[in-house]
Every structure is written in structure tokens, then in C-alpha cells.
Amino acid sequence: EPEVTQTPSHQVTQMGQEVILRCVPISNHLYFYWYRQILGQKVEFLVSFYNNEISEKSEIFDDQFSVERPDGSNFTLKIRSTKLEDSAMYFCASSGAGRTSTEQFFGPGTRLTVL
Amino acid sequence: AQSVTQPDIHITVSEGASLELRCNYSYGATPYLFWYVQSPGQGLQLLLKYFSGDTLVQGIKGFEAEFKRSQSSFNLRKPSVHWSDAAEYFCAVGSGGYQKVTFGTGTKLQVIP
């Protein structure tokens with residue numbers, strides 16, 4: 001069964017450093033998303049992406065964040081200058097084409113620890 | 001704006017007992033509703049979803065959920081809980097397709113022997 005994959009599974013970085021979280025969505029999917037979950041809290045939407053553009057973003061997704069689909073398979077989330085409060089689990093998700101797609105498929109997550 | 005309320009933060013049940021996890025949603029149109037399960041340190045696994053049709057939805061691992069539009073609820077049930085069901089359960093609402101999914105705060109399930 002096709003699945004969303006994410007690398008690395010765990011990333012440790014120093015405050016102020018840039019990090020790039022990588023995701024490989026399901027191959028025929030067209031919509032891509034990032035969510036995050038701070039430890040002990042709920043899963044929060046960050047951004048959705050379609051046709052090489054951001055479709056929607058939350059207030060969390062400020063200028064420190066960016067997303068990119070650098071090639072036909074990868075989807076990345078970049079945090080330009082990490083803060084302690086960016087420590088969280090980051091989930092990538094993808095969904096199929098069109099409004100008939102009924103669900104988003106989530107990857108296993110990348111745990112980001114900012115020291 | 002869409003929102004989800006899971007009123008129970010933590011529930012403890014005995015193995016073999018029945019389970020019901022509550023979920024209420026707020027959404028302007030016909031919602032797409034989901035239940036996800038998350039084991040410690042793991043990702044999100046979809047248990048079941050509702051978007052139209054029969055309001056009683058069957059999912060994996062013996063779970064089911066019932067959509068009640070009049071009560072804006074989508075409660076998750078299981079007739080007999082197994083120790084391996086101990087995890088955190090998230091109810092979520094979306095509009096399908098490319099729209100974001102909004103999650104509830106989760107219910108942590110503990111199963112005692």
C-alpha cells in the first residue's frame with residue numbers, strides 16, 4: 001500500500017539554525033500539507049500546497065517557514081531560524097486529486113528538537 | 001470556522017469493556033469527519049471516516065462511529081476493548097479534498113487488565 005514517508009525521523013538542532021524537513025508524498029497525489037504537534041498538544045495545521053503554490057496557511061506559518069516541491073517527488077518544509085518553541089513533531093500529509101478526495105494520508109512524522 | 005471538541009481528556013476502561021469516545025464538531029456545511037489513533041511516539045493512523053451515506057461507519061480494528069447531524073457529534077465506539085487499543089485518539093473535521101483538517105485535542109485511552 002502506498003504511503004507518505006518522512007526524513008529524518010528525528011532532527012536535533014541549535015536555536016537559530018536552519019532545518020529542512022523532507023517528505024515524499026504518495027506518488028499520484030496533488031495536494032500536500034504540513035501539520036505540527038507540540039508535545040502533549042493537538043495536531044495543528046501549518047500549510048497546504050497545490051500546483052506549486054501555497055493554498056492556505058495558518059497564523060503559525062510565518063516568514064520563518066517556507067515550503068517547496070523541489071522535484072517531482074519531494075515536498076519540504078524549511079524553518080529559517082529555529083526557535084525553542086519550534087520543537088514539535090512535524091507531520092506531512094498528501095491527498096489525491098480533486099474535491100472527491102476524502103482523506104489526507106499522514107506520514108510518520110519528524111520529531112524536531114531545538115536546543 | 002471549523003472546530004472539534006473532545007470533552008474527555010483521559011479515559012480508563014477495563015480490558016473487554018465497551019468504549020465510547022465523544023466528539024462534537026462545528027462546521028458550516030456537510031463535514032468530512034475522521035478518527036485517527038496515535039500510539040506514543042508514532043504517527044497518525046486513520047481508523048475511519050465519514051463523508052456521506054450511512055451514518056454508522058465501520059473502521060479498522062473493530063471500531064465504529066456514528067454521525068449524528070442533529071447533535072453535531074461523531075462518537076467512536078468499540079464493543080470490547082483490547083490492551084493494544086491504549087493510545088491517543090483524535091477526532092478531526094475537514095471539507096475533503098484539498099482543505100485543511102482540524103483536529104480535536106485528543107482523548108488518551110488507558111486500558112487496565
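Numbered from 1 within each chain, the chains take letters A, B, ... in sequence-line order.
Heavy atoms closer than 4.5 Å to chain B are found nowhere in A/F105, neither backbone nor side chain. In this structure, chain A has a heavy atom under 4.5 Å from the side chain of B/Q38, while its backbone stays farther away. Contacts of B/L44 with chain A are made by both backbone and side-chain atoms, with heavy-atom separations under 4.5 Å. For A/Q6, no part sits under 4.5 Å from any heavy atom of chain B, backbone or side chain.
Atom CG of A/L39 is surrounded by 12 or fewer heavy atoms from other residues, nucleotides or ligands within 6.0 Å.
B/Y50 and B/F67 have parallel rings, their planes meeting at less than 30° on a 0 to 90° scale where 60° marks the start of perpendicular. In this structure, B/F103 and B/Y36 have tilted ring planes: the angle between them lies in the 30° to 60° band.
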>> One pair to check against side-chain contact (heavy atoms from CB on, under 4.5 Å): B/V13 and B/L109. What are the steps and the verdict?
In response: CA-CA 8 Å; B/V13 299; B/L109 174 66; 3.9 Å; yes
